[in-house]
Amino acid sequence: MEKGEYTMPDLIVVGVDGSVPGFDAVAWAADDAFRMHVPLRTVCVVETWPYQVPQIPAPEWDEALIENARKVLAQAEEMARARQPTVEVTTEVMTGTPAAVLREQAGDAVELVVGSRGLGGFAGAVLGSVSMNVAGQVPVPVVVVRPRAAVAHGEIVVGLDGSPTCEPALAYAFRQAELRGSTLRAVYAWALPFALAAGFSCDFEALREAQQRIAEEQLTSWRERYPQVKVIADVRCAHPVDALAAAGDRADLLVVGSHGRSAIGSIVLGSVSRGVLHHARCTVTVVRAKDAPTPA
C-alpha cells in the first residue's frame with residue numbers, strides 16, 4: 001500500500017438522534033454507502049444519566065428513552081432504504097455518552113457520519129458538541145453533514161499544505177472525487193511574509209510561483225494515481241480557514257486534515273480543521289493524520 005493510501009474497512013457508521021441534522025446525516029451516509037458498496041449501520045445513543053437521581057430510581061425513564069431510540073432508528077432505516085434500496089442497513093440502540101460511543105463504533109468503519117448539530121444543541125450554534133468531540137479524534141474520516149444545497153456543484157475541495165500530514169486527507173478526497181465523478185479543487189493557502197506585509201521590497205510574483213510549485217509537486221503522484229479525476233490547484237495568499245471556507249461555498253464536500261494533539265496524547269482538532277468546521281457552510285470531512293505530531 002502506498003503512503004497515504006486510503007483503505008476501506010467494512011461499513012459506514014452514522015449517528016442519529018431524531019433531530020433534522022441527524023436525519024440529514026443518515027441521507028448523506030446512505031448515498032456514500034451506495035457509492036462505496038458497503039453496509040450502513042445507524043446508531044442511536046441513549047444517554048440516561050441526566051435523568052438518574054440516586055434517591056429516586058426511575059427505571060421507566062430508561063425504558064421510555066430506549067423505546068424512543070428504537071422509533072428514531074426505525075425512521076432512519078426507512079429513510080435510508082427508500083433513498084438507496086440496495087444498501088444493507090442495520091440499526092443499534094446503545095447507552096452511554098454519545099461522543100464516546102460513536103468514537104468506539106468508528107473502530108469498524110470506513111467513516112463516521114454525524115449531523116452538524118443534535119437535539120441538545122444551543123439555538124444559533126454552528127456546531128454541536130458531539131460533532132466537535134468526534135471529529136479528528138478517531139482514526140477514520142469523520143463527516144459533519146450540513147443541509148444539502150439546492151443544486152449540486154460537482155466539486156470537492158481539499159486542503160493542501162505541502163506536508164506529509166495531509167496525505168490521508170488527499171487520499172480520501174481523491175477517492176470521493178472518483179466515486180462521484182467530481183472535480184477536485186486542492187486549495188493551498190500561504191501567508192504573506194512579514195517583510196512584505198511590513199512594506200519591505202519583495203518579489204511577490206516569485207513567491208507566488210514558488211508556492212504554486214509546492215502545491216503542484218504534492219499533487220503529482222495523486223494525479224497519476226487518479227488520472228480520471230480533474231484537479232484544480234488553487235493557490236491563494238490567504239489564511240487557510242478563510243480560503244477553504246470560501247472555496248467550500250461552491251463545493252459539495254470540503255475535506256481537511258487534522259494533526260493536532262493534546263499534551264496528554266489524545267488527538268484533538270487542529271486550528272485549521274476546527275476553524276473550517278465552524279465557518280464552512282457545506283458538509284466537511286475531517287481526516288486525521290496517521291502520525292499526529294505533538295505541538296511544542
Side-chain angles (χ1 to χ4, degrees), residues 1-9 12-13 32 99 102-114 127 131-144 156-178 184-191 211 214-223 225-226 231 233-235 239-241 243-245 247-248 251 253-280 283-296:
M1 183 175 67
E2 297 187 48
K3 184 178 180 180
E5 185 62 52
Y6 184 67
T7 58
M8 282 194 190
I12 289 174
V13 172
D32 221 32
L102 290 173
R103 286 196 299 265
E104 182 179 345
Q105 288 288 303
D108 299 328
V110 60
E111 66 188 10
L112 174 62
V113 184
V114 295
L127 207 63
S131 49
M132 282 297 294
N133 281 289
V134 296
Q137 299 194 39
V138 294
V140 301
V142 175
V143 184
V144 180
I156 291 172
V157 171
V158 62
L160 193 68
D161 66 7
S163 76
T165 56
C166 71
E167 293 292 307
L170 283 168
Y172 179 89
F174 267 91
R175 179 61 173 150
Q176 282 285 328
E178 178 187 51
L184 181 63
R185 179 178 298 273
V187 175
Y188 179 92
W190 58 284
Q211 302 302 321
I214 292 172
E216 294 288 357
E217 287 171 4
Q218 185 159 36
L219 290 169
T220 297
S221 63
W222 292 105
R223 290 181 190 270
R225 201 175 310 176
Y226 291 91
V231 182
D234 188 343
V235 179
H239 190 281
V241 173
L244 288 166
L253 178 65
L254 172 54
V255 183
V256 292
S258 179
H259 46 82
R261 179 172 297 200
S262 74
I264 60 172
S266 59
I267 301 300
V268 295
L269 285 173
S271 60
V272 171
S273 49
R274 183 173 58 249
V276 166
L277 280 171
H278 279 288
H279 294 286
T283 293
V284 176
T285 299
V286 178
V287 185
R288 199 182 83 183
K290 299 301 181 187
D291 296 302
T294 303

Next item on the list: Determine the minimum heavy-atom distance between G159 and L244, stating which atoms define it.
Entry: CA-CD2, 3.7 Å
Check: With a 4.5 Å limit on heavy-atom distance, are the side chains of F174 and V231 in contact?
Finding: yes
Check: Do the side chains of E111 and D32 get nearer than 4.5 Å, heavy atoms only?
Finding: yes
Check: Do the side chain of R103 and the main chain of N133 share a donor and acceptor less than 3.5 angstrom apart?
Finding: yes
Check: Looking at P139, P141, C166, which one forms a side chain to side chain contact (heavy atoms under 4.5 Å, CB included) with V287?
Finding: P141
Check: Can you find a heavy atom in the side chain of L219 that is under 4.5 Å from one in the side chain of L170?
Finding: yes
Check: Would you say the side chain of V286 lies within less than 4.5 Å of the side chain of V144, judging by non-hydrogen atoms?
Finding: no
Check: Where do E216 and R223 land on the side chain to side chain contact (heavy atoms under 4.5 Å, CB included) test, with the steps shown first?
Finding: CA-CA 10 Å; E216 294 288 357; R223 290 181 190 270; 3.2 Å; yes
Notebook entry, point to check: Is there a side-chain contact between L184 and V158, using heavy atoms and a 4.5 Å cut-off?
Noted result: yes
Notebook entry, point to check: Could you walk me through whether Y188 and Q218 pass the side chain to side chain donor-acceptor pair (under 3.5 Å) check?
Noted result: CA-CA 10 Å; Y188 179 92; Q218 185 159 36; over 6 Å; no
Next item on the list: For G248 and V157, work out which heavy atoms get closest and say how close.
Entry: N-CG2, 4.5 Å
Check: Sequence neighbours excluded, which residues qualify as salt bridge (Lys or Arg N to Asp or Glu O under 4.0 Å) partners of E104?
Finding: none
Notebook entry, point to check: Do you know which two heavy atoms are closest between V140 and V110, and how far apart they sit?
Noted result: CB-O, 3.9 Å
Checklist line | From CD (E178) to CD (Q176), nearest 0.5 Å | finding: 10.5 Å
Check: What closest approach, in Å, do R274 and M132 show between heavy atoms, and which atom pair accounts for it?
Finding: CG-CE, 3.9 Å
Item checked: Residues which pass salt bridge (Lys or Arg N to Asp or Glu O under 4.0 Å) with D161, listed by chain and number, not counting sequence neighbours -> none
Notebook entry, point to check: Taking all atoms of both residues into account, what is the closest heavy-atom pair of V276 and V241, and its distance?
Noted result: N-CG1, 4.0 Å
Next item on the list: Starting at OG1 of T285, measure out to CG of L253 and round the result to the nearest 0.5 Å.
Entry: 4.0 Å
Next item on the list: Could you grab the distance from atom CD of E167 to atom CG of L160, nearest 0.5 Å is fine?
Entry: 8.5 Å
Check: Shortest non-hydrogen contact from V134 to A99?
Finding: CG1-O, 3.6 Å
Next item on the list: With the side chain counted from C-beta on, respond yes when Y172 and I156 share a heavy-atom pair under 4.5 Å apart, and no when they do not.
Entry: no
